[in-house]
2 protein chains.
Amino acid sequence: MDHRTQQRVEEMRSSLSSLGVAITRRRAKMLEILASTDRHPSANELHAEVRRWYPSTSLATVYNTIDLLKEAGQILELEFSASANRYDGRRPASHPHLVCISCQSIEDMDDPHDPGARALDRLSHATGYRLVRQRTDYYGICPACQLQEYDTTTPPAPDASLTPQPASSGKASFP
Amino acid sequence: MDHRTQQRVEEMRSSLSSLGVAITRRRAKMLEILASTDRHPSANELHAEVRRWYPSTSLATVYNTIDLLKEAGQILELEFSASANRYDGRRPASHPHLVCISCQSIEDMDDPHDPGARALDRLSHATGYRLVRQRTDYYGICPACQLQEYDTTTPPAPDASLTPQPASSGKASFP
DNA sequence: GCGGTTTTTAGAATCGTTCTAATTTGTTAG
DNA sequence: CTAACAAATTAGAACGATTCTAAAAACCGC
C-alpha cells in the first residue's frame, strides 16, 4: 500500500471513529479497498472484494459501511439509475468524472473549469440556494472502446480485481 | 398554450414522426405536458397527468414514449438512484440544474460557466473520449425550504398539477 | 370490412437497494 | 472466566423504479 493510500485510510478511519462506530475488520478492509482503487467500484464489486478476505460478509454490511462513510463525508457516491451506484473513496469531495457509456468505466477528471468550493459559495449567493455539493460528469466513449469498435479480434479486457491476493484461501476465511 | 410551448410540441412531434412512429393521442398529450411544464416531472407524475385525459393509460406507455423521445434526442433524462428519474422536455440539450435535496424540486439553471457543445468538443480532444453529453447539477436547499426550516406553522405547499383541467370528467375519458 | 402492423394494457419479472429479525461478536464488570 | 449488554453482521424478505411479456385493442391501406 503506497503512502497516499495509507494516509487516506487513516483519514477515513479517524472520521469513522469520531462518528462513534467501531472499525471492525470488515470495515477496515473496505476502507483499504476504497482507498487503493481508482476504479470507482459498485457496492457489488466492493462486496466481491471484501469476500476474498471475509467470505461470510453480506451485502448489507457493505451498504451499511457505505452509509457510515457517507455520513462521515468520506465517500463520494455517483448515482446511476440504469445501473449500480459507483463509489469514490479516494476523493470524497465533488469533482468531475469521465464516464464511458460503453464499458462503464469511470475516470477522475481534473476539472478544467472547476468552480470548486469557492464557486459553490458564489453560486449559493447568486441562486438563493444553500448549496452543498455538485455533480459534473461527461459521458462518452473512452479511447479503449473506440479502438474496439473497429477491431473484431480483440476480446474485451478481463476485469482485474481491485487489490492483491488474500494471504491464503484457508487462513483468514473465517475471521 | 403559449407560443414557445406550441413550438416545442411541434419540434417533438416532427422528431417523433421522422422516427417513423405514430403520434397517438396519448403521445400527443404527453408532448404537450412535457413542453408546458418546467417542473421536471417523473414518469409517475407524467402518468398521473396523462390519466386526467386518458384514464386507461398505463405506465408502460409512458415509459415507452419517454424511450422514443430519448431516441429522438428530444428529452433530457435526469437520473437519480434514490428516487425516480426526472424529465426535461423543454430543453433536451445538456444543461445544469439546481436540485433541492429537501423538497426534490428541480430548476433549470443558466449556466454561469457553461461549456456547451463547443466545450464538449474541446474536452473530447483533451481527453481522448468521444463525448456525447454532460451532466452538471448543484444540490442544496432551495429558498422556500430554507424559510420553512424555522417556520413550524407553514404547511408544505400542495403540489399543483402540471396542466389545466381536462374539459370534463366524462367526455374524453375513454378515447 | 379484412389482414397485417403498431400501440397499448395489465401484470409479472428484474435489479439495486433497504429493511427486519435473529444471530454473532465484542466489551465490561464482577 | 462468565454474565450481561451493546454493536455489528447475517440471510432473506420487502421495496420501488423500471423493463419485459403476452394478449388485446386501435389503426391503416385496400
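Owing to the predicted nature of the structure, the values given are computational and were not obtained by experimental measurement. The chains referred to below are lettered A, B, ... by the order of the sequence lines, with proteins before strands, and numbering in each begins at 1. Computed from heavy atoms alone, side chains included, the values below leave out hydrogens, waters and symmetry copies.
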Distance-only side-chain donor-acceptor flag, [X] / [Y], under 3.5 Å:
{"X": "B:R13", "Y": "B:Q74", "result": "no"}
{"X": "A:Q134", "Y": "A:S94", "result": "no"}
{"X": "B:T5", "Y": "B:D2", "result": "yes"}
{"X": "A:R51", "Y": "A:S58", "result": "no"}
{"X": "A:E107", "Y": "B:Y129", "result": "yes"}

Rounding to an integer number of Å, can you tell me how far [X] [atom1] sits from [N] [atom2]?
{"X": "A:Y54", "N": "C:dT24", "atom1": "OH", "atom2": "C1'", "answer": "16 Å"}
{"X": "B:Y87", "N": "D:dA17", "atom1": "OH", "atom2": "P", "answer": "12 Å"}
{"X": "B:L78", "N": "D:dT18", "atom1": "CG", "atom2": "P", "answer": "12 Å"}
{"X": "A:M30", "N": "D:dA8", "atom1": "CE", "atom2": "C1'", "answer": "14 Å"}
{"X": "B:N44", "N": "D:dC15", "atom1": "CG", "atom2": "C1'", "answer": "14 Å"}
{"X": "A:D67", "N": "D:dA8", "atom1": "CG", "atom2": "P", "answer": "13 Å"}
{"X": "B:L16", "N": "C:dT6", "atom1": "CG", "atom2": "P", "answer": "16 Å"}
{"X": "B:L68", "N": "D:dT19", "atom1": "CG", "atom2": "C1'", "answer": "14 Å"}

[N] OP1/OP2 closer than 4.0 Å to side-chain N/O of [X]:
{"X": "B:R25", "N": "D:dC27", "result": "yes"}
{"X": "A:R26", "N": "D:dT10", "result": "yes"}
{"X": "A:T24", "N": "D:dT9", "result": "yes"}
{"X": "B:Y63", "N": "D:dT18", "result": "yes"}
{"X": "A:S58", "N": "D:dG12", "result": "no"}
{"X": "B:R27", "N": "C:dT6", "result": "no"}
{"X": "B:N85", "N": "D:dT18", "result": "yes"}
{"X": "B:T61", "N": "C:dT9", "result": "yes"}

Problem - DNA chain C: 5'-proximal contact among B:S81 and B:A60 (nearest heavy atom) - result: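 Its nucleotide being nearer the 5' end, the pick is B:A60.
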**OP:** Take A:K70 and B:R51, find for each the nucleotide of DNA chain C with the closest heavy atom, and name the residue whose nucleotide sits nearer the 5' end.
**Re:**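 With A:K70 and B:R51 compared, the 5'-side residue is B:R51.
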Nucleotide of C:dG11, C:dT17, D:dT10 approaching A:A43 most closely (side-chain heavy atoms):
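Nearest to the side-chain atoms of A:A43, counting from C-beta on, is C:dT17.
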| request: Could you say whether A:N64 or B:S42 is positioned toward the 5' end of DNA chain D, judged by the nucleotide with the nearest heavy atom to each? | output: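 First, find each residue's nearest nucleotide; the 5'-ward one identifies A:N64.
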Check: Starting at the 5' end of DNA chain D and moving along, which residue's nearest nucleotide shows up first, B:A22 or B:R86?
Finding: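 Per heavy-atom nearest nucleotide, the more 5' residue is B:R86.
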- Within the structure shown, what part of the strands sits under 4.0 Å from B:T57 by heavy-atom distance: base, sugar-phosphate, or nothing?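 Contact class for B:T57: sugar-phosphate only.
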(request) Pick base, sugar-phosphate or nothing for A:A84, based on heavy-atom distances below 4.0 Å to the nucleic acid. (result)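 Answer is sugar-phosphate: A:A84 comes under 4.0 Å of backbone atoms only.
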On the six-membered ring of B:F80, is B:R135 placed so that its NZ or CZ lies under 6.0 angstrom from the centre and within 45° of the ring axis?
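The answer is yes, since B:R135 meets both limits relative to B:F80.
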